[in-house]
Amino acid sequence: MMRKMKSGVLAHLEGLEAQMNRACKRSEKPWRVQARESALGTKIRELRRLRDKLKAEVKRRQQTTEKASLASTECDQTVETREQEALERKRESVKAILQAYRFTGLSGKLTSRGVCVCISTAFEGNLLDSYFVDLVIEKPLRIHHHSIPVFIPLEKIAAKYLQTDLQHFLFSLCEALNAYSGRKYQADRLQGEFAAFLTGPLQRNSLCNLLSFTYKVDQSSSFRARLLYEDLTVTLPTDVTVTPQGTEALSALREEQRAAHEALFRTEPLHKVFASFAREEELSVSVAS
Amino acid sequence: MLTGFTITDYSKKTEDLTTAEMTDEGVKKVLQRHRISGNCHIITFQLEFQIVETQSKENISSVITDLGIVMEPTEYSELSEFVSRAEERRDLFMFFRGLHFFVKWCEYRKRTFTHFKDKYPDVVHLPEGPYSHCMGIRGASCPEFELVIVWRIHVDMEGKVLPQLDLLPGVPRQALQLDRHGVVDTAPQGFRSLLGVLGIEGTLESLIGSMQ
């Protein structure tokens with residue numbers, strides 16, 4: 001045991017010496033080995049550089065892909081919003097255009113059975129009443145419901161055109177209703193605004209195509225006027241007669257006045273004629289005073 | 001569209017005209033500016049109009065205070081007078097009604113003329129093409145004689161559209177000298193009577209027949 005121990009220590013010391021010798025020897029390597037080592041070292045450094053470069057590239061590509069995928073989701077959303085907005089604008093525009101049709105005087109709305117047509121009327125820029133006709137699209141075409149006044153010849157117009165030419169039916173009705181609205185407007189204005197000129201009540205029928213009244217424009221006696229609108233599609237009378245009230249013969253001046261009035265009633269709307277009478281009166285009053 | 005009109009664009013602007021006094025009396029006044037573009041067959045129109053809407057406690061009144069109409073094509077001279085009248089009267093609906101019937105008559109005139117041109121290509125000629133307002137009939141045997149049918153579409157004061165057909169005989173001077181019975185002079189009247197009896201197509205057919 002002692003010998004082993006001694007040899008152990010000795011051996012250890014010898015080993016250390018040997019190690020030192022070996023180390024010394026290594027530091028005195030031949031140039032070939034050194035060269036080889038330096039070459040390997042360079043290669044190692046080169047490989048490390050390449051590895052770092054590749055790592056960086058991978059990282060960069062990963063980042064770009066992430067950004068791109070984020071951007072494309074954003075892009076999709078913007079495109080979708082823009083598409084929705086465009087669709088909304090288009091819908092509003094179509095709705096507006098459908099509304100605009102009523103300015104043509106004839107507009108329609110689809111119903112479960114067919115179509116409901118709205119006819120608008122106007123006279124001299126004044127928008128007046130609207131009427132509707134509810135049509136059922138069947139063979140034969142029929143009118144389900146309507147708001148046309150009973151004295152308008154709806155059945156006659158329907159018998160003539162409804163089955164063969166729907167457009168013609170609608171436009172004929174349009175003509176008749178607009179003319180009636182115009183005549184009614186004139187009669188209403190006479191009864192309202194110019195009632196002062198009337199010496200008796202205005203006699204009118206529901207169709208407003210036969211009017212009879214007595215009126216006075218100055219200090220002399222009154223006239224009786226009879227206006228007949230034989231054509232139901234017109235707003236100016238087809239036949240006018242102005243006759244003097246009273247039994248005395250007409251003076252030349254009065255006859256001139258009578259004839260002038262007759263011509264006026266034939267060519268100008270009723271309320272316009274009375275408006276001109278009112279203006280004349282104003283003028284004569286101002287001249288007198 | 002149901003009515004034969006197609007509206008392609010519409011815009012509206014609203015302006016409040018209510019004054020303080022109006023508000024006190026419970027009256028509201030609004031100015032609307034409308035612009036409509038569209039077409040009726042081959043005719044395109046662009047309208048700009050203003051409506052003043054006055055709302056009081058008792059009623060609402062809407063009045064068209066201004067109307068401007070632009071139409072294309074502008075060759076239809078009969079239409080331009082009608083358009084000016086509609087603008088003057090601010091009668092929007094009369095404009096559309098008149099336009100509808102005018103276009104209908106134009107199309108009917110074109111169909112009728114084209115029908116006769118196709119049926120008798122050597123005798124009939126349309127100087128202005130299918131939308132021509134006149135049709136010439138020239139017989140092969142006597143090419144110096146020509147009957148010209150003028151078909152105008154007139155729009156009256158109330159916006160009613162009526163066709164006006166006239167016959168213009170084109171006769172060389174020597175033939176006129178030979179015409180002792182004055183047939184050429186009475187031809188236009190005879191034409192109008194014939195229209196009353198045979199209608200437009202029947203009359204044209206018989207005239208073409210007489211020239212062949």
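Since the model is a prediction, treat every value here as computed from it, not as a measurement. Proteins get letters first, then strands, A, B, ... in listed order; numbering begins at 1 in each.
Remark: E107(B) CD is packed, more than 12 non-hydrogen atoms of other residues, nucleotides or ligands lying under 6.0 Å away. Remark: K29(B) NZ is loosely packed, at most 12 non-hydrogen atoms of other residues, nucleotides or ligands lying under 6.0 Å away. By the 6.0 Å contact criterion, CD on E88(A) is enclosed, its count of non-hydrogen atoms from other residues, nucleotides or ligands being greater than 12. Other residues, nucleotides and ligands contribute only 12 or fewer heavy atoms inside 6.0 Å of the NE2 atom of H145(A). Within a 6.0 Å sphere centred on NZ of K28(B), other residues, nucleotides and ligands contribute 12 heavy atoms or fewer. Heavy atoms from other residues, nucleotides or ligands lying under 6.0 Å from CZ of R35(B) number 12 at most. Environment of CD in E193(A): crowded, with over 12 heavy atoms of neighbouring residues, nucleotides or ligands closer than 6.0 Å. No more than 12 heavy atoms of other residues, nucleotides or ligands shown are found within 6.0 angstrom of NE2 on H41(B).
Taking the six-membered ring for Trp and the full ring otherwise, F171(A) and F101(B) have centroids separated by under 6.0 Å.
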(message) Pair L127(A), I64(B) - check side chain to side chain contact (heavy atoms under 4.5 Å, CB included), show working.
(response) CA-CA 7 Å; L127(A) 298 175; I64(B) 302 172; 4.0 Å; yes
(message) Please evaluate residues Q99(A) and K12(B) with respect to the criterion side-chain hydrogen bond (donor to acceptor under 3.5 Å, both in side chains), reporting the C-alpha separation (whole Å), side-chain torsions for both, the decisive distance (0.1 Å), and the verdict.
(response) CA-CA 11 Å; Q99(A) 287 264 343; K12(B) 169 180 162 181; over 6 Å; no
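The distance from atom OG1 of T104(A) to atom CD1 of I36(B), rounded to the nearest 0.5 Å, is 7.5 Å. Between the OG1 atom in T8(B) and the CD1 atom in I97(A) there is a gap of 6.5 Å [rounded to 0.5 Å]. Distance check: S181(A) OG to F93(B) CZ gives 10.0 Å after rounding to the nearest 0.5 Å. For the atom pair OG1 of T235(A) and CE of M94(B), the computed distance is 9.5 Å after rounding to the nearest 0.5 Å. Note that CD of Q167(A) is 4.5 Å distant from NE2 of H100(B), once rounded to the nearest 0.5 Å. Atom OG of S120(A) is separated from atom CZ of F96(B) by 11.5 Å, given to the nearest 0.5 angstrom.
For the residue pair I7(B) and Y101(A), the shortest heavy atom distance occurs at N-OH, 2.9 Å.
Heavy-atom distances place the side chain of V117(A), and not its backbone, under 4.5 Å from chain B. In this structure, the portion of N178(A) lying under 4.5 Å from any heavy atom of chain B is its side chain and not its backbone. Neither the backbone nor the side chain of L47(B) comes within contact range of chain A, judged by heavy atoms closer than 4.5 Å. When heavy atoms are compared at a cutoff of 4.5 Å, L128(A) does not approach chain B at all. Both the backbone and the side chain of R97(B) come within contact range of chain A, with heavy atoms under 4.5 Å apart. With a 4.5 angstrom heavy-atom cutoff, T121(A) touches chain B only via backbone atoms.
With a 4.5 Å cut-off on side-chain heavy atoms, D91(B) and E124(A) do not count as touching. Residues N126(A) and R90(B) have side chains not in contact (no heavy-atom distance under 4.5 Å, counting atoms from C-beta outward). Side-chain contact between K104(B) and H168(A) is absent, with no heavy-atom pair separated by less than 4.5 Å.
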